[in-house]
Amino acid sequence: MKVIEMDGRISICEGAEERMVLRHSAAHILAQAVQRLWPGASLAGSAASEKGFFYDFDPGEAKISADDLPKIEAEMRVIVKENLPVKLFVLEREAAAGLMRERHEPYRHEQIAELPENARVCFCRQGEFIDRCDGLHIPYTKGLKAFRLTGVSGAYWKNDSANKMLTRIHGVAFPSQEELDEYEHRQAEAAKRDHRIIGREMDLFQLCDEGPGFPFFLPNGMILREVLTDYWRTIHRKNGYREISTPVILHRSLWETSGHWEHYRDTMYSTVIDGEDYCIKPMSCPGGILVYRNRPHSYRDFPLRLAELGLVHRNELKGTLHGLFRVRCFTQDDAHIFMRKEQIADEIEGVIRLIDEVYRTFGFPYTLELSTRPENSMGSDEDWEAAENGLREALERSGKAYTINEGDGAFYGPKIDFHLSDSLGRTWQCGTIQLDFQLPQNFELTYTDENGQKQRPVMIHRVCFGSIERFIGILTEHYAGKFPVWLAPVQAKVLLVSEKCEEYAEEVCEVLRDAGIRYELDKRKEKIGYMIREAQYVERVPYLLIVGEREAADGTVSVRCRDDGTGTVMRPDEFVKKIKEECAH
């Protein structure tokens, strides 16, 4: 695809870069369409990303809603058909500010006024539309072939709740109609898999107005949690971890020492106990450090791997809450490893292997990303260099490909993030490994080396699931609620054809119960066809055991499989053997 650069040169881009240019240009065409339809609307922020594009507007007294999107799209298509040339130009700061004053663009004028006096400001012009802009553009508006507006939301100016709420319009753009069609197909499939709907149908969890962001887990959801945590404990014991539990509320001084009070205060809940400030923990690492400090340590104790399913709370903005994906209270499957510097690469490589095994168990492919030192970091250049080199060495030794995400590490150390892909090709950042030289220093942690000298340990923070709640949401959408048998809250449902068979059905349930199979018995006086459809398509139970007079007489059950609808007849003990073999794999 041809693109125009700031100096007027025409160049070629393709792949991911082509998509970003299209979305950047689509945002400008969107803004032009909005100002044609609402001439008093002021321009604010905009962005293009891998997920799409958005533009923020201040429409004044007017209102722009989702009902207006078809009208805006239609005007965008008019602009595309007009095939307006895109012209880029540069002005000195004073002239740029004057241009924005003339065009009654207060937000753009404010942005320019904050620039250095000698700054030069880039602009984009297409037809009557002019806006400040940095970046590549398509040379003519007809280059935008396939796009869709996807929603309207609110956004504060400069992301500050003290400022005015603006109208944000979201959209997507692709190089071809085929790619847009594929995107819309995936979106439709994602809507069918919405974990909030499936969670309600399967009685997994509920969300209440009385506790926004604080999910309630129902009996089936608790079974799912327990199966996940049992698996988590099994794999951690196998890998040499020891489980601990630390308090939810700890004194403010602890969080000041850790640096969280300075860097994380806005997301922390606090309270007053005995006249002093306490914080409800947003993460478990300071508690893990107090466990380490509980007794002296020797080099022989290392590596010391401490794991915790820690309940944490974070003060997320109400508008960002979303099912189990963004909550204010969740259980983080945290672990902290204390070690010597020479053990860094081995331990990180071991964590990579553990997380790899977890994701392969659930059928998730993933990619790795190394995030380096951010601007607001703690610690010396030497420590950061050693930490980043340790992560790189472990990644190289693992033989896995990875990308670099410059400046996106935690404030106390660099990290490796695991981005898993679900059955719809969506990516989720779940697992992470963070290497930390700073907190051991802040808390003056020590161990005794082989020469009897005091040394400073190194610390790893890591999670596999990320959080139990979010991982359940991801799994629910990944499987569309059709959990594999070993994970399903209800593995088998016994359906009673008539009351005459109830005694035999109870005998079947006893066989399942004694074998540890998770089951339910449906004795309702409903038509068997209705009960089958409900259990198979709404409750998504892997196996239905239908018991009628013939089965009672023969000592069998009619087994119906959820996934392919096939049926067969077998004895209850044969079914137990079948389901146990399936769970073993």
Side-chain angles (χ1 to χ4, degrees), residues 232-233 236-264 268 278-312 331-351 354 378-380 383-384 386-387 390-391 394 409-416 432-464:
W232 182 89
R233 287 191 167 101
H236 279 74
R237 281 195 295 267
K238 186 176 76 171
N239 283 272
Y241 287 80
R242 303 173 69 184
E243 188 173 356
I244 62 172
S245 178
T246 63
V248 173
I249 300 176
L250 293 166
H251 197 276
R252 170 178 159 176
S253 61
L254 181 74
W255 304 99
E256 290 175 334
T257 302
S258 70
H260 290 96
W261 185 256
E262 177 184 355
H263 295 273
Y264 220 76
M268 295 171 66
Y278 282 74
C279 298
I280 302 172
K281 68 178 181 181
M283 60 266 299
S284 299
C285 35
I289 286 173
L290 294 185
V291 170
Y292 179 89
R293 286 202 327 196
N294 183 54
R295 66 178 182 85
H297 290 279
S298 148
Y299 71 96
R300 294 187 182 89
D301 298 329
F302 292 158
L304 177 62
R305 306 182 185 109
L306 302 177
E308 177 175 13
L309 292 168
L311 181 64
V312 301
T331 304
Q332 200 168 43
D333 65 316
D334 222 340
H336 300 99
I337 304 172
F338 300 89
M339 62 198 163
R340 296 174 292 164
K341 288 183 179 180
E342 54 267 32
Q343 295 173 316
I344 288 175
D346 287 341
E347 283 305 298
I348 292 174
E349 192 176 2
V351 174
L354 186 152
M378 300 167 58
S380 68
D383 282 348
W384 273 90
L391 294 183
F411 68 85
Y412 48 76
K415 61 178 180 173
I416 298 171
T432 188
I433 306 170
Q434 300 172 353
L435 186 58
D436 185 0
F437 285 78
Q438 307 310 316
L439 291 191
Q441 180 172 312
N442 290 1
F443 285 94
E444 299 181 347
L445 303 186
T446 63
Y447 71 92
T448 304
D449 67 15
E450 56 269 40
N451 299 316
Q453 301 297 312
K454 293 294 185 182
Q455 302 291 344
R456 186 85 68 210
V458 181
M459 185 178 180
I460 288 176
H461 311 250
R462 49 110 293 204
V463 294
C464 297

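All values below come from the heavy atoms of this structure, side chains included, with hydrogens, waters and symmetry mates left out.
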Output all residues satisfying side-chain contact (heavy atoms from CB on, under 4.5 Å) with Gln438, sequence neighbours left out; order by chain, then residue number.
-> Met378, Asp383, Trp384, Tyr412, Asp436
Give the intermediate values and the outcome of side-chain contact (heavy atoms from CB on, under 4.5 Å) for residues Arg233 and Glu243.
-> CA-CA 8 Å; Arg233 287 191 167 101; Glu243 188 173 356; 2.7 Å; yes
Quick one: ring-ring contact (aromatic ring centres under 6.0 Å, His included) partners of His297, sequence neighbours excluded?
-> Tyr292
Leu445 backbone acceptor or donor facing Arg293 side chain under 3.5 Å = no
Any Ser253 side-chain heavy atom under 4.5 Å of Trp261 side chain | no
Taking all non-hydrogen atoms of both residues into account, name the closest pair between Leu309 and Trp232 and its distance.
-> CG-CZ3, 3.7 Å
Closest heavy-atom pair, Lys281 versus Gly310, reported as atoms and distance to 0.1 Å, is NZ-CA, 4.2 Å
Taking the side chain as C-beta and beyond, is there a heavy-atom pair between Glu308 and Val291 under 4.5 Å?
-> no
Partner of Arg305 by side chain to side chain contact (heavy atoms under 4.5 Å, CB included), out of Glu347, His336, Met339 = Glu347
Donor on one side chain, acceptor on other, Ser284 and Gln332, under 3.5 Å | no
Walk me through it: do Met459 and Cys285 pass the test side-chain contact (heavy atoms from CB on, under 4.5 Å)?
-> CA-CA 10 Å; Met459 185 178 180; Cys285 35; 4.2 Å; yes
Roughly how far apart are Leu354 CG and Asn239 CG, rounded to 0.5 Å?
-> 4.5 Å
Which heavy atom of Ala394 sits nearest a heavy atom of Ile348, and at what distance?
-> CB-CG2, 3.3 Å
Validation row: Val351, Ile416 side chains within 4.5 angstrom (heavy atoms) = no
Phe338 side chain near Asp301 side chain, heavy-atom distance below 4.5 Å | no
Can you find a heavy atom in the side chain of Thr448 that is under 4.5 Å from one in the side chain of Lys454?
-> yes
Between CE on residue Met283 and NE2 on residue His260, distance to nearest 0.5 Å = 4.0 Å
Heavy-atom side-chain proximity of Phe437 to Lys341 below 4.5 angstrom = yes
Roughly how far, to the nearest 0.5 Å, is OH of Tyr241 from CZ of Arg462?
-> 4.5 Å
With a 4.5 Å heavy-atom cut-off, do Ile289 and Asn442 have their side chains touching?
-> no
Rounded to the nearest 0.5 angstrom, the CD-NE2 distance for Glu256 and His251 is 8.5 Å
How far does NZ of Lys415 sit from CD1 of Ile433, to the nearest 0.5 angstrom?
-> 12.0 Å
What residues form a side-chain contact (heavy atoms from CB on, under 4.5 Å) with Tyr299, not counting sequence neighbours?
-> Arg340, Tyr447, Glu450
For Thr446 and Arg456, run side-chain contact (heavy atoms from CB on, under 4.5 Å): C-alpha distance rounded to whole Å, both residues' side-chain angles, the deciding distance at 0.1 Å, then the answer.
-> CA-CA 5 Å; Thr446 63; Arg456 186 85 68 210; 3.9 Å; yes
Distance in Å, Asp449 CG paired with Arg300 CZ, rounded so as to fall on 0.5 Å steps = 10.5 Å
Non-hydrogen side-chain atoms of Trp255 and Pro282 separated by less than 4.5 Å = yes
Can Leu290 and Leu254 be said to form a side-chain contact (heavy atoms from CB on, under 4.5 Å), step by step?
-> CA-CA 9 Å; Leu290 294 185; Leu254 181 74; 3.9 Å; yes
